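Model, not experiment: these values are computed from the prediction. Note on naming: letters A, B, ... go to the chains in the order of the sequence lines (proteins, then strands), and numbering restarts at 1 for each one.
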Amino acid sequence: MTMTTSKKGQNPVLLWFRKDLRLDDNHALQAAATSGRPVVPIYIREPEVDGNGPLGAAQEWWLHHSLAALQKALGTLNSGLILRQGDPLAVLEKLIAETGAETIVWNRRYDPAGIAVDTQVKKILRDNGIEANSFAGQLLHEPTRLRTGAGGHYKTYTPFWRAFEQSGEPPFPIEAPEKLLAPNHWPKSDTLASWSLLPIRPNWASEFPDTWTPGEAAALEKLKDFIDGALDDYAVGRDFPDTPATSLLSPHLALGEISPARIWHATRGLSGKIPTDDIIRFRKELVWREFCYHQLFHFPKLRTANWNDRYDDFPWLSDARRLKSWQRGQTGYPIVDAGMRQLWRHGWMHNRVRMIAASFLIKDLLIDWREGEAWFRDTLVDADPAANTANWQWVAGSGADASPFFRIFNPVLQGEKFDPDGGYVRTFVPELSKLDSKYIHRPFEAPDDVLRRAGIELGKHYPRPIVDHAVARQRALAAHASLKNDG
DNA sequence: TGCCGGTTAAC
DNA sequence: TTAACCGGC
């Protein structure tokens with residue numbers, strides 16, 4: 001049968017994948033699979049919005065491999081994945097014309113640019129007689145679901161968490177379908193290689209595969225490993241960057257290779273009916289993700305504007321040299337440099353170290369948090385439009401329920417507290433690997449003979465601190481005090 | 001999900 | 001001399 005002879009009822013359903021690159025717990029997929037019609041799964045590489053690519057470079061590396069994995073997984077359902085690029089509405093209209101589709105389904109996304117696109121697409125397609133249906137599943141609950149007693153949105157985490165807990169269990173995940181009906185005629189697809197998502201020269205992602213396996217299968221495996229292992233010590237272990245105590249699920253979540261509902265419900269029943277401290281702690285992190293989307297939904301400018309406009313007059317410094325030192329992990333503070341180099345090598349940084357590195361940029365260097373947000377967005381494989389922006393504002397003090405600005409991390413003390421033996425530093429700052437643990441977080445205070453024995457000449461093998469923390473702290477407090485005191 | 005400096009109390 | 005505590009930033 002050819003396209004032109006296909007009868008009504010055999011018109012395919014377009015299944016539009018976005019940041020939901022999975023078969024498990026996928027409601028749009030479920031709707032397509034149970035429609036009784038052939039399904040044409042598609043992925044559209046969308047153009048830049050707001051002068052920023054939708055994805056940073058590290059996440060494009062991930063996307064490449066994730067799409068390859070999804071293509072393969074769809075193959076096991078006797079289906080496939082059509083790749084197109086361009087303005088989504090134009091691409092969809094073309095695909096509708098090519099396939100005769102009368103229905104399109106997708107899972108909702110919650111970043112402002114995505115919402116704007118989807119709202120327009122849905123309206124225009126519906127005006128043209130196309131059935132366009134969207135589904136939930138990227139969050140545990142829709143960002144509009146929880147309301148304060150006064151009917152507004154939450155501005156602090158603890159009441160949000162309480163309301164979340166009291167509002168009932170998140171929906172249970174659904175299983176992947178076993179089969180999809182293939183169309184009689186597959187539309188043309190771009191090749192994945194033609195999108196050039198992988199870095200070529202220099203290949204800064206060369207070590208990513210040692211750390212990461214993108215794709216749904218690896219995500220589910222990682223979840224199982226975490227539940228069976230590290231979750232048991234999560235509440236304490238999560239703060240120690242040299243300990244494998246975190247889930248490592250963030251990049252999988254960021255592109256929707258695994259659903260938060262799947263994760264949430266996987267943590268039940270480990271120790272009877274009552275969740276342990278470790279489980280609660282972990283679930284609270286999932287709910288922080290929800291809280292970040294809650295903020296972004298109700299304050300769409302979150303990436304570019306201070307949530308608290310009191311910070312609009314903050315006297316940030318422009319300092320390209322120091323910004324570059326921070327980006328390259330050459331600040332002279334080992335815990336900061338280890339974190340920034342882990343970010344570059346693995347596309348990921350341990351959460352505790354993210355806070356330390358972010359505090360250093362904002363408070364020790366007085367560089368605008370937006371510079372940090374942009375760098376993380378480009379280099380993190382788990383970059384998320386809500387979490388990345390909300391968390392930078394959290395450190396800066398400008399965000400919702402943010403850390404007070406006067407909470408300034410001392411990078412030496414933080415290193416000594418959370419990386420006491422310096423194992424994390426030695427891994428990512430190898431030039432310090434032979435330094436005594438006593439000085440591993442303060443090489444600038446090490447006696448000459450200690451440095452000599454470790455083969456280190458400060459200023460040559462490893463930088464002296466680019467700022468004196470005690471001085472920088474005072475400068476930061478003074479800068480903060482210069483703001484109008486209205487809250 | 002701080003740090004700092006001052007005070008107090010025990011030795 | 002040091003640990004514990006506290007207020008201020």
Salt bridge (charged side-chain N to carboxylate O under 4.0 Å, His left out) pairs touching residues 160-173 of chain A, sequence neighbours excluded, are Glu169(A)-Arg268(A)
List for me each residue that meets side-chain hydrogen bond (donor to acceptor under 3.5 Å, both in side chains) alongside Asn410(A), sequence neighbours excluded, and say none if there are none. none
Contacts under 3.5 angstrom, residues 245-254 of chain A side chains, donor-acceptor by atom type, not counting sequence neighbours:
unit_1: Ser247(A); atom_1: OG; unit_2: Leu249(A); atom_2: N; d: 3.1
unit_1: Ser250(A); atom_1: OG; unit_2: Trp348(A); atom_2: NE1; d: 3.4
unit_1: Ser250(A); atom_1: OG; unit_2: Asp382(A); atom_2: OD2; d: 2.7
unit_1: His252(A); atom_1: ND1; unit_2: Glu257(A); atom_2: OE1; d: 2.6

Residues in ring pair (Phe, Tyr, Trp, His ring centres under 6.0 Å) with Tyr154(A), at least two apart? Phe160(A)
Heavy-atom side-chain contact between Ser134(A) and Asp118(A) under 4.5 Å: no
May I ask you to say what Glu285(A) touches in the nucleic acid, namely base, sugar-phosphate or nothing, with a heavy-atom cut-off under 4.0 Å? base
Shoot me the first and last contacting nucleotide of DNA chain B against chain A, ordered 5' to 3', at under 4.0 angstrom to non-hydrogen atoms. dT1(B) to dC4(B)
Partners passing salt bridge (charged side-chain N to carboxylate O under 4.0 Å, His left out) against Arg289(A) (at least two apart in sequence or in another chain): none
Would you mind listing every salt bridge (charged side-chain N to carboxylate O under 4.0 Å, His left out) that reaches into residues 416-426 of chain A, with sequence neighbours excluded? Glu416(A)-Arg442(A)
Members of residues 405-417 of chain A that approach DNA chain B, where some heavy atom sits under 4.0 Å away: Phe406(A), Arg407(A), Ile408(A), Asn410(A), Leu413(A), Gln414(A)
Contacts table for residues 446-456 of chain A: side-chain donor-acceptor under 3.5 angstrom, sequence neighbours left out:
unit_1: Asp449(A); atom_1: OD2; unit_2: Arg453(A); atom_2: NH1; d: 3.4

